[in-house]
Chemist: 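First the structure, then my questions, so here it is.
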There are 2 protein chains.
Amino acid sequence: MFSKACEYGIRAMIYIAQQSRQGERVGLKDVAQGIDSPEAFMAKILQALSRQGLVQSVKGPNGGFYMDAPGLKVTLAEVVLAIDGDQLFTGCGLGLPECNEKKPCPIHDEFKLIRNKIKSLLETTQVGEFNELLEKGVLHLKRV
Amino acid sequence: MFSKACEYGIRAMIYIAQQSRQGERVGLKDVAQGIDSPEAFMAKILQALSRQGLVQSVKGPNGGFYMDAPGLKVTLAEVVLAIDGDQLFTGCGLGLPECNEKKPCPIHDEFKLIRNKIKSLLETTQVGEFNELLEKGVLHLKRV
DNA sequence: GGAATAAAGGATAATTTTGTCCTTTTATTG
DNA sequence: CAATAAAAGGACAAAATTATCCTTTATTCC
């Protein structure tokens with residue numbers, strides 16, 4: 001469904017949202033361990049997300065990644081779009097370069113329904129909305 | 001959503017189902033042109049599908065691929081499973097190696113709903129059910 | 001200002017997926 | 001039986017994705 005980079009990216013954003021409350025910064029190593037991802041790869045992904053303004057970062061001692069108040073409202077859809085592009089939201093399920101009402105693939109309509117559900121789920125979910133459940137240990141971002 | 005191989009595979013299965021009625025065989029070249037896929041790559045995919053019994057094949061002059069009556073009832077779910085495996089049906093949306101009711105990822109429940117919809121769409125769709133609409137030119141399997 | 005720290009960035013490597021080419025096997029037809 | 005046609009299979013190549021390493025830049029603390 002999502003690329004590995006995107007899976008890591010979503011998990012990282014949710015992790016940072018939860019860990020960086022009251023302005024605390026979360027270091028790369030912390031994030032990588034917190035979501036069980038390869039550190040250097042995580043660095044690249046956070047770089048990209050930071051460049052696109054979806055997460056804030058500060059260099060130097062006591063630096064790291066964090067989110068300001070509006071950052072907590074970033075939706076999963078924005079994260080997916082930033083990493084994987086809009087293929088998931090707009091592409092044809094069977095890979096046709098053009099597939100629309102005029103020239104539909106065999107599963108055009110059914111897939112549109114599903115894609116819209118995915119889209120709406122991602123658009124209505126914010127990276128900051130899991131903070132309490134994560135803290136309580138009800139939800140998880142890694143295996144252990 | 002699906003790998004390229006799987007997209008080609010689904011389109012090829014639907015194409016063969018439509019073209020091979022009354023026992024006619026469809027050649028590799030015909031299939032590749034009919035769905036706009038690279039011929040040699042298509043060969044590999046059909047090989048795999050044939051090995052797994054989802055499509056029939058005959059070598060030699062006038063040979064090719066075809067489907068018997070039960071073949072027309074093969075579901076898209078079987079094709080996807082044969083090519084991409086069960087990752088789409090069972091895997092965690094955020095890539096966690098174990099994600100279940102006991103240790104759910106943040107979007108576990110919502111994704112389960114969506115995955116079930118995808119699963120049920122694929123399981124209830126048969127490769128042979130588009131024959132008439134394809135013939136009428138209402139549905140398409142390639143760009144042109 | 002200098003040392004230390006941490007992200008940013010560039011280059012490169014490993015792996016997987018996608019795609020190609022060539023030979024072999026099997027079947028058909030004359 | 002020989003020639004031919006077509007899929008099967010093996011080996012290889014290209015591209016994309018995933019992953020690592022090293023240098024540079026910015027920031028903080030002493």
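First the proteins, then the strands, lettered A, B, ... as listed; each starts at 1. All values reported here derive from a predicted model rather than from experimental measurement.
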Chemist: Over how many whole Å does the gap from Leu28(B) atom CG to dC21(C) atom C1' extend?
Modeler: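 Between C1' of dC21(C) and CG of Leu28(B): 13 Å.
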Chemist: Quick check on dT18(D): is either OP1 or OP2 less than 4.0 Å from any side-chain nitrogen or oxygen of Tyr8(A)?
Modeler: no
Chemist: Quickly work out the Lys44(A) NZ to dA11(C) P distance and round it to whole Å.
Modeler: 10 Å
Chemist: Tell me whether Phe130(B) is reachable from Ile35(B) by hopping between hydrophobic residues (I, L, V, M, F, W, Y) whose side-chain heavy atoms are closer than 4.5 Å.
Modeler: yes
Chemist: Of Gly60(A) and Phe2(A), whose closest DNA chain D nucleotide lies nearer the 5' terminus?
Modeler: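 Per heavy-atom nearest nucleotide, the more 5' residue is Phe2(A).
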Chemist: Check whether any side-chain heavy atom of Glu39(A) lies under 4.5 Å from a side-chain heavy atom of Leu28(A), and answer yes or no.
Modeler: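 With C-beta onward as the side chain, the pair touches.
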Chemist: Whole angstrom is fine here: how far is it from CZ in Phe65(A) over to P in dT5(C)?
Modeler: 18 Å
Chemist: Is Ala43(A) touching bases, backbone alone, or none of the nucleic acid, heavy atoms closer than 4.0 Å?
Modeler: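 Nothing, no nucleic acid heavy atom in range.
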Chemist: Round to a whole Å and report the spacing from CD1 of Ile83(B) to C1' of dG19(C).
Modeler: 15 Å
Chemist: Starting from the 5' end of DNA chain D, give me the residue, Pro38(A) or Val58(B), whose nearest nucleotide shows up first.
Modeler: Val58(B)
Chemist: Among dT18(D), dA27(C), dA4(C), find the nucleotide with the atom closest to the side chain of Pro61(B).
Modeler: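 Within the option list, the nearest is dA27(C).
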Chemist: Nearest to the side chain of Phe41(B) - dA27(C), dG19(C), dA8(C)?
Modeler: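 Nearest nucleotide to the side chain: dG19(C).
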Chemist: Round to a whole Å and report the spacing from CD of Gln47(A) to P of dG9(C).
Modeler: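 After rounding, the reported distance stands at 5 Å.
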Chemist: With a 4.5 Å cut-off on side-chain heavy-atom distances among I, L, V, M, F, W and Y, is there a chain of contacts connecting Ile45(A) to Leu96(B)?
Modeler: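 No: no chain of side-chain contacts under 4.5 Å links Ile45(A) to Leu96(B).
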Chemist: Rounded to the Å, how far apart are Lys59(A) NZ and dA4(C) C1'?
Modeler: 15 Å
Chemist: Across the strands shown, which category fits Arg51(B) at heavy-atom distances under 4.0 angstrom: base, sugar-phosphate, nothing?
Modeler: sugar-phosphate
Chemist: Could you state the CG-P distance from Asn62(B) to dA5(D), rounded to the nearest angstrom?
Modeler: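 It is 12 Å, rounded to the nearest whole Å.
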Chemist: Is Leu122(B) close to Phe89(B) at the side-chain level, that is, under 4.5 Å between some pair of heavy atoms?
Modeler: yes
Chemist: Any idea which of dT28(C), dT18(D), dA8(C) is nearest the Ser3(A) side chain?
Modeler: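 Taking heavy atoms from C-beta onward, the closest nucleotide is dT18(D).
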Chemist: Is a side-chain N or O of Lys73(A) found less than 3.5 angstrom from the main chain of Gln126(A), in a donor-acceptor match?
Modeler: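 Not confirmed, Lys73(A) side chain does not pair with Gln126(A) backbone.
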Chemist: So, OP1 or OP2 of dA7(D): does either fall under 4.0 Å of a side-chain N or O from Ser50(B)?
Modeler: no
Chemist: Rounded to whole Å, how long is the line connecting atom CD of Gln33(B) with atom P of dA6(D)?
Modeler: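 Going from CD in Gln33(B) over to P in dA6(D) covers 13 Å.
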